[in-house]
Amino acid sequence: MSEEKKLYTDSGIEIKPLYCDPVVMNEQPGEFPFTRGVQPDMYRGKLWTMRQYAGFSTAEESNKRYHYLLSQGVMGLSVAFDLPTQIGYDSDHPLAEGEVGKVGVAIDSLEDIQTLFKGIRLEDVSTSMTINATGFILLSFYVALAKQQGADLKKISGTIQNDILKEYAARGTYIYPPKPSMRIITDIFEWCSQEVPKWNTISISGYHIREAGSTAVQEIAFTLSNGKAYVKAALEKGLDINVFGKRLSFFFNAHNNLFEEVAKFRAARRMWAAIMKELGATDLKAQMLRFHTQTGGSTLTAQQPLNNISRVTVQTLSAVLGGTQSLHTNGYDEALSLPTEEAARIALRTQQIVAFESGAPDTVDPLAGSYYVEALTNEVEQEAWKLIHKIDAMGGSVSAIEQGFIQDEIARSAYDYQRQIETGEKIIVGVNKFQVKETDSIPVFRIDDSIRQVQSEKLASLHRRRDPAKCDQVLQQLSDKASGGENIMPAVLEAVENYCTLGEIADTLREIFGEYR
């Protein structure tokens, strides 16, 4: 336990780095099973990474927002991509119409990534990318840019979400069927362990499971089951769990029930440590559950939207008291539109106020020993194990998704929650109680439909300038590797470096793997 700095309350009482039950020797943070946190000194040593999820319109516009956020104290970038990018279509594809630049930034080629990170050295920032079906392509764009910048690939750090199983169950931005999708993911694990060892190769995501309507218990049960499926797939490929296990990360939601959320985070760490140990991990770092948190988008209301600032504050506290490694806080206006610059700044300031004014980070696991929190942690864990055992009995997550079990469980919970709101059993302030006649007009952030034309013109220009014969050659090599079972990542990187587009690479693999319907 580090004793480098002494901290005091405002009354001058010294705050110990760690509090333990003097009679019963408590679990120690930084030690198996990590209930109390993954670092011995947690935020006394280093605060969580403050990220703000941003991306909209064109790469030029998003680049301006990234520079603004970095100037305001953001420690890591978090990139949102538009729907065509997420499902492997270039902006000029007929199916992209009406969606280009809307829910994130449009990325069609390496040129867009060069623009997106203009003036930002990739060695100096940690970048998280919320991308799944096309995660391998976006990672290749990022690595290609890092190489152009002369970066040491052994130093670049960040995360691709790359969690396809929850797409089938909760979110829907899949391209290929489950088996080839799992193969792509294990190719990424293998390639990154050699080429970009500091990169987190997957962010196993409960966030979207919760957004789809699951409970807190279901969120961790289904997420950890998906995590088991990825680990087993990597083991079947012959990868070393003590190597790839260190690069797995998780992504959880933070909702309004402060104590249940804290209990959820504590239980998830303990459960994952047990799962990894059982699967053969002996390195402590491979047994640790490290996670990013985002405050709950589905908890935000269009009615009295400024109330969302209070909701996000409660959710921020739950993530910090629960021991998150990284955090994004939502803008108060996100039930209405993409966040304005002002809303994004207030969201970041919420994290900074919790970090520097609340005292919450001053000691490790400050709610440990609370009768309620300890009991709730145990109960959340017990209920989550019941669900995991059911999924195991079905043959694991892939089988449970194919049988519709996970989807049905989430749908049932979502229905129950909505019914409770409609009957008034559950109170949502400003929605079903304490309503007012809405008069304030909150400024909303709109994306112009002309973005598609701008992106299409860029694509036309790129097609004229690149070497078409070389593009055909590298895409054929990718096709051959995908058909032959070789690792596809070197061929994908060569394709992006020769300015093949995201859609062309995705289509090449559609020909081999087919599409999931």
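Keep in mind the model is a prediction, meaning the values are calculated, not measured.
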Partner set under side-chain hydrogen bond (donor to acceptor under 3.5 Å, both in side chains) for Ser318, not counting sequence neighbours: none
From Leu139 atom CG to Ile188 atom CD1, the distance as rounded to the nearest 0.5 Å: 6.5 Å
Heavy-atom side-chain contact between Gln455 and Asp112 under 4.5 Å: yes
Electrostatic pair Arg210:Glu219 at N-O distance under 4.0 angstrom: yes
Donor on one side chain, acceptor on other, Thr293 and Thr324, under 3.5 Å: yes
Atom of Trp48, atom of Pro361 and distance for their closest heavy-atom approach: CZ3-CG, 4.0 Å
All salt bridge (charged side-chain N to carboxylate O under 4.0 Å, His left out) counterparts of Arg270, not counting sequence neighbours: Glu381
Residues Asp365, Arg266: salt bridge by 4.0 Å N-O rule: yes
From CA spacing to verdict: side-chain hydrogen bond (donor to acceptor under 3.5 Å, both in side chains), Gln149, Glu123: CA-CA 9 Å; Gln149 288 186 353; Glu123 253 187 54; over 6 Å; no
Within the 6.0 Å centroid threshold, strictly below: Trp191 and Phe136: no
Flag for Gln294-Asn253: side-chain donor and acceptor within less than 3.5 Å: no
Thr329 and Gln52 side chains, donor-acceptor separation under 3.5 Å: yes
Contact summary for Ala368 and Glu374, nearest pair of heavy atoms: CA-OE2, 3.5 Å
Residue pairs, two or more places apart or on separate chains, that pass salt bridge (Lys or Arg N to Asp or Glu O under 4.0 Å) and touch residues 48-60: Glu60-Lys458
Mutual orientation of the aromatic rings belonging to Phe251 and Tyr207 [parallel < 30°, tilted 30-60°, perpendicular > 60°]: parallel
Parallel, tilted or perpendicular: ring planes of Phe291 versus Phe265, cut at 30 and 60 degrees: parallel
Heavy-atom side-chain proximity of Phe250 to Ile202 below 4.5 angstrom: no
Atom pair CD1/CD of Ile428 and Gln420 - distance to nearest 0.5 Å: 9.5 Å
Plane angle bin for His328 and Tyr53 - parallel if under 30°, tilted between 30 and 60°, otherwise perpendicular: perpendicular
Distance-only polar pair, side chains of Lys246 and Gln287, donor-acceptor under 3.5 Å: no
Geometric class of the Phe32/Phe34 ring pair [parallel <30°, tilted 30-60°, perpendicular >60°]: perpendicular
Presence of salt bridge, Glu99 and Lys102, under 4.0 angstrom: no
Smallest separation among heavy atoms of Ala170 and Ile410, with atom names: CB-CD1, 4.5 Å
